[in-house]
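For reference, the structure is listed below as C-alpha cells.
The basis for the numbers below is simple: all heavy atoms, side chains too, and nothing from hydrogens, waters or symmetry mates. What you are looking at is a predicted structure, and each value in this text was computed from that prediction instead of being measured.
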Amino acid sequence: MKSGLQKQIFPWFPLVIFIVLVAGIIPIGFYYYKIQKRDIIEEKHNELRAITNLKAGQITGWRNERTNDGRLIFGDPLISRAVTDFFVGRNKEKQKSALLAIMKSYTMHFDYSNLILLDNQMNICFSLIPGDSLVCTYLLPFIREAKQKKKVMLSDLYRKSGNYKACLDLIVPVVNADDPGKSPAGLLLLKLNPYQTLYPLIQTWPFPSKTSETLLIRQEGDKVLYLNELRHRKNTALTFQLLVSDKHLPAALAVKGVEGIQEGIDYRNIPVLSCIKALPPSAWYLIAKVDISEVYAPLRKQMAAVVAMVLLIIFTIGALTGFWWRSQRMQFYRNQYERESEKLALAQHFQYIVKYANDIIILFDNDLNIIDFNDRALETYGYSREELSSLRLVDLVSSDLLADLPDDLNKLRTEEAALYETVHRRKDGSVFPVEVSARIVKVEGTWYLQNIGRDITERRQAEDKVKQLNLELEQRVIQRTRQFETANKELEAFTYTVSHDLRAPVRAIDGFTRILLEDSGHLLDDKALSNFKLIRANAALMGQLIDDLLAFSHIGRSELKLSTLNMAEMVQAVFADQTNAVQKEGIRFIVQSLSEISGDANMIRQVWINLISNAIKYSSRCAEPEILIGSEKNEYETIYFVKDNGVGFNMKYVGKLFEVFQRLQSTDEFEGTGVGLAIVKRIVSRHGGRVWAVGELGKGATFSFSLPG
C-alpha cells in the first residue's frame with residue numbers, strides 16, 4: 001500500500017499532466033478567440049437590426065402621426081365650416097379672422113411651422129407666415145392628387161429653389177360643409193420642418209459610437225439621393241448623390257431591393273457594416289451603419305486578453321503541478337480523517353434530531369414491535385422507556401380503529417409511504433387525534449416501519465372553532481340580508497310617497513295658483529302678481545327637487561349593465577343635445593382624444609350630461625366661453641376631465657360640491673337644485689371610481705372623474 005502511494009505521487013506523473021494541459025491550452029485559446037469573434041460579430045448584427053427596426057418604427061410612427069393629424073383636420077366640421085364660409089361668405093375679413101384663429105390653434109398644438117390655405121384653383125388665399133407663402137412646383141402633383149381623390153397627402157422631402165433647407169408638407173383637402181359630395185372647398189398646406197422633428201429622430205443613436213450613422217435615402221433616376229444630413233459631411237440633405245451602379249455602396253444595394261445585414265463601402269470610401277430596411281409606403285430606405293474598424297475594435301482587445309490569459313494559465317498550471325505531488329500523501333490522510341469526522345458528526349446530529357424532535361418518532365420491526373422511539377413519544381403516550389419498548393403498534397391505536405389496521409398496513413406495503421390521520425390512546429386510556437407520516441424502510445432485505453406522528457388536538461379544536469364561526473357568519477348574513485330587504489322595501493315606500501303623495505299637493509298649489517292668475521289676475525296689484533309668480537316658481541322648483549331626489553335614489557338601486565363605451569361619440573352627442581344653435585356657435589368646444597372604457601351606458605351618459613351642462617351654464621357669462629374635455633390613463637385607472645373658463649368656485653368649499661342640495665351659487669344667479677353633482681358622485685362610485693374638482697373664482701373650474709381600467 002505504501003509503495004503504491006509512492007508511485008502515485010512520483011514527480012513524472014504531474015509532469016506528464018503539465019505537458020498534456022499545456023498542449024491542450026493553446027488550441028482551446030484559439031477556439032475561444034474564434035467563438036468571441038463570432039459572438040462579437042453576431043452581437044453587432046443584432047444591434048444593427050434592433051436599431052434599424054427601432055428607427056424604422058419611429059419614422060413610420062412619425063409619418064402616421066402626421067397623416068392622422070391631416071385626417072383629424074379633414075374630418076373636423078369646424079374647419080370645414082370656416083373654410084366654406086370664407087370662400088362663399090360675404091364678410092371675408094370676419095371669416096378670415098375666424099379661420100385664422102382655428103389654424104393658429106393647430107400650429108400651437110402640433111409641430112407645424114406654417115399653414116397655407118389654397119382655393120380650388122390652387123391659388124394661395126393666405127398664410128399664417130406671410131413670408132413663407134410660396135408653393136413649390138414639386139408639390140403640385142401631390143396637391144392635385146389630394147384634391148381629386150379627397151384624401152390627405154404627405155409629400156416627400158424636397159428643397160425649394162434658392163433654399164438649401166429640406167422641406168416636407170402635409171396637404172389636407174377641406175370638405176365642402178354645404179355639400180360634402182362636391183369638390184373640396186379648399187386645401188390646407190401644413191409646413192413641416194424636418195430639422196426639428198424628423199432629422200433628430202434619424203440621427204440619434206442609442207449608445208455612444210464614433211462612426212455609427214443612420215441614413216435616409218431614395219432613388220432618383222440612376223442615382224441615390226441622401227435625404228438627411230450626414231454625420232461626416234455637412235449640408236448634404238437632398239444635395240448629395242451617388243450612382244446606383246456602385247455595387248459596393250450600401251445605399252445602392254438598398255434601392256435594388258437588398259435588405260438585412262450587408263458589408264460594403266460607404267460614401268467616404270471606408271468599409272462599413274450596415275443594415276438595410278425599406279420604409280413602405282414611402283419611397284424611402286433606411287440604412288444603419290458602423291465602420292468595420294469599430295466593429296472589430298473589441299475583437300483586438302479580446303485577442304490580447306486571450307494571449308495574456310493563455311500565458312497566465314500555463315504559468316499557473318506549472319506552479320500548481322509543482323506543488324501537487326508534494327501534497328498528495330498529506331491530503332490523502334487529511335481526507336480520510338475528515339470523512340470519518342463528518343460521519344460521526346452526522347450520526348450525532350441525526351441522533352439529536354430524533355431524540356429531541358417535537359414530533360413523535362417510532363420505529364417498528366417486521367412484526368410491528370417497537371424497537372426505537374424518541375423522548376417526545378414517551379411524553380405523549382405516558383409510558384416509561386421499558387414499558388414502551390415492550391409494546392406493539394396495535395397497543396397504541398384506538399380500539400375503535402383496530403379493525404382498519406390490516407388494510408392500512410397492506411396499502412402501506414404496496415405504496416411504501418402514506419400520510420393519514422388516525423386516533424391513538426395513551427397509557428391512562430385517553431385518546432387523541434394524530435397525523436401520521438408512515439414509510440417502509442428496507443435494510444438488507446428486511447423491512448422496517450417508520451412512523452412520524454404529530455398530536456393535532458389543537459388543530460382539530462381550531463377547525464371546530466372555524467366551523468362554528470362559519471355557522472355564525474351564515475346566520476349573520478341571513479339576518480343582514482333580511483334587514484337589507486326590509487330597508488329596500490322602506491326605500492321603495494318612501495319613493496312612492498315622494499313620487500305620488502308629495503308631488504300631488506305641489507301640483508295642486510301650482511294648478512290653483514295658475515287658475516287664480518287666469519281668472520282674477522286683472523284684479524291684483526303688481527306686488528300680488530309678483531308673489532303669485534314666486535309661488536309658482538317655487539312649486540316648479542319643488543317638483544324639480546322631487547324629480548332629482550327620485551333620480552338620486554334610483555341610481556343606488558338600479559343594476560349596472562356594463563359594455564364598452566365610445567366616450568368621444570358620447571361627449572359629442574351630449575353637447576349637441578344640451579346646446580341650441582346660438583350656444584353651439586358661441587362656445588369653443590374642444591374634445592381631445594378620449595379612451596374607451598367599460599361602464600353602464602345610461603349612467604355614464606348622465607355623468608357627461610351633468611358635467612357638460614354645468615360647464616355650459618357656469619361659462620355662459622364669459623365673453624368667449626370655452627370647454628375642454630380630455631382623458632389620461634395610468635396603470636390603474638382612466639381619468640376624464642371637463643374644464644371651463646366660467647365663474648369657478650372657492651376651493652374652501654370644495655367639500656360641499658358633491659353633496660345633495662349643496663350649491664355654491666344662488667338660484668338667482670344660476671338655476672339648479674344642487675343634486676346634479678351628487679348624482680355624478682354616486683354613479684362614479686357605483687363603477688368603482690372617484691370624483692374631484694379644482695377651481696378658482698373668476699378663472700373657471702375643472703371637474704374630473706376616474707373609472708377602473
Side-chain angles (χ1 to χ4, degrees), residues 484-485 487-492 494-496 498-499 503 543-579 589 591-618 627-634 636-644 654-663 671-694 701-709:
F484 180 72
E485 291 174 351
N488 271 343
K489 291 179 181 179
E490 292 175 354
L491 182 59
E492 290 174 0
F494 172 75
T495 303
Y496 178 84
V498 170
S499 61
R503 195 191 302 272
Q544 183 62 46
L545 285 171
I546 292 171
D547 291 339
D548 288 346
L549 187 60
L550 289 173
F552 184 77
S553 173
H554 178 72
I555 288 170
R557 294 181 289 113
S558 59
E559 182 181 356
L560 293 178
K561 298 178 181 179
L562 300 180
S563 61
T564 301
L565 307 179
N566 188 326
M567 293 299 228
E569 292 182 358
M570 186 177 289
V571 165
Q572 294 289 358
V574 168
F575 180 74
D577 292 342
Q578 297 298 311
T579 53
F589 189 65
V591 180
Q592 297 177 345
S593 176
L594 297 179
S595 301
E596 292 186 347
I597 202 71
S598 176
D600 186 295
N602 292 329
M603 289 191 180
I604 298 301
R605 180 181 176 85
Q606 187 62 49
V607 170
W608 285 119
I609 289 173
N610 292 359
L611 293 181
I612 292 175
S613 62
N614 270 8
I616 295 171
K617 177 169 62 178
Y618 292 115
I627 299 173
L628 173 64
I629 297 179
S631 71
E632 56 186 40
K633 193 176 181 69
N634 59 37
Y636 306 102
E637 59 185 0
T638 302
I639 298 173
Y640 301 90
F641 63 86
V642 178
K643 182 178 182 181
D644 64 71
V654 68
K656 296 183 177 181
L657 282 176
F658 298 98
E659 301 300 327
V660 180
F661 303 133
Q662 295 291 329
R663 293 175 50 85
E671 62 180 8
T673 61
V675 181
L677 291 179
I679 291 175
V680 168
K681 181 179 179 180
R682 174 162 285 197
I683 291 174
V684 173
S685 297
R686 286 287 312 275
H687 283 75
R690 54 196 180 96
V691 294
W692 66 94
V694 177
T702 301
F703 287 82
S704 304
F705 67 95
S706 69
L707 296 174

Worksheet, complete the sentence: Heavy-atom closest pair (R690 atom, I639 atom, distance to 0.1 Å) is NH2-CD1, 4.3 Å

Worksheet item: Do the rings of F575 and F589 sit parallel, tilted or perpendicular, given the 30° and 60° boundaries?
Response: parallel

Worksheet, complete the sentence: Rounding to 0.5 Å, atoms OG (S685) and CZ (F705) come to a distance of 12.0 Å

Fill in: Between CD on residue Q592 and NZ on residue K643, distance to nearest 0.5 Å
9.5 Å

Enumerate donor-acceptor pairs with a distance under 3.5 Å from any side-chain N or O in residues 563-573 to protein atoms, sequence neighbours excluded.
unit_1, atom_1, unit_2, atom_2, d
N566, OD1, A568, N, 3.3
N566, OD1, E569, N, 3.2
N566, ND2, E569, OE2, 3.4

Worksheet, complete the sentence: Taking every heavy atom of V654 against every heavy atom of A693, the minimum-distance pair comes out as CG2-O, 3.7 Å

Worksheet item: Just by distance, do the side chain of S595 and the backbone of E632 share a donor-acceptor pair under 3.5 Å?
Response: no

Worksheet item: P708 and I597: which non-hydrogen atoms are nearest, and at how many Å?
Response: O-CD1, 3.6 Å

Worksheet entry | Residue pair N602 / Q606, side-chain donor-acceptor N/O under 3.5 Å | no

Discussion item. Please give me the minimum heavy-atom distance between V684 and S706, naming the atom from each residue.
Written reply: CG1-O, 3.5 Å

Practice prompt. From the options V607, I612, L611, select the one residue that forms a side-chain contact (heavy atoms from CB on, under 4.5 Å) with V574.
Written response: I612

Worksheet item: So, for F641 and S704, which heavy atoms are closest and what is the spacing to 0.1 Å?
Response: CB-OG, 3.5 Å

Fill in: With K681 via salt bridge (charged side-chain N to carboxylate O under 4.0 Å, His left out) - residues at least two apart
E659

Worksheet item: Hey, mind stepping through Q578 and N614 against side chain to side chain contact (heavy atoms under 4.5 Å, CB included) and telling me if it holds?
Response: CA-CA 10 Å; Q578 297 298 311; N614 270 8; over 6 Å; no

Discussion item. Please check: side-chain N/O of D600 versus main-chain N/O of K561, any donor-acceptor pairing under 3.5 Å?
Written reply: yes

Practice prompt. May I ask you to test the V680-F703 pair for a side-chain heavy-atom distance under 4.5 Å?
Written response: no

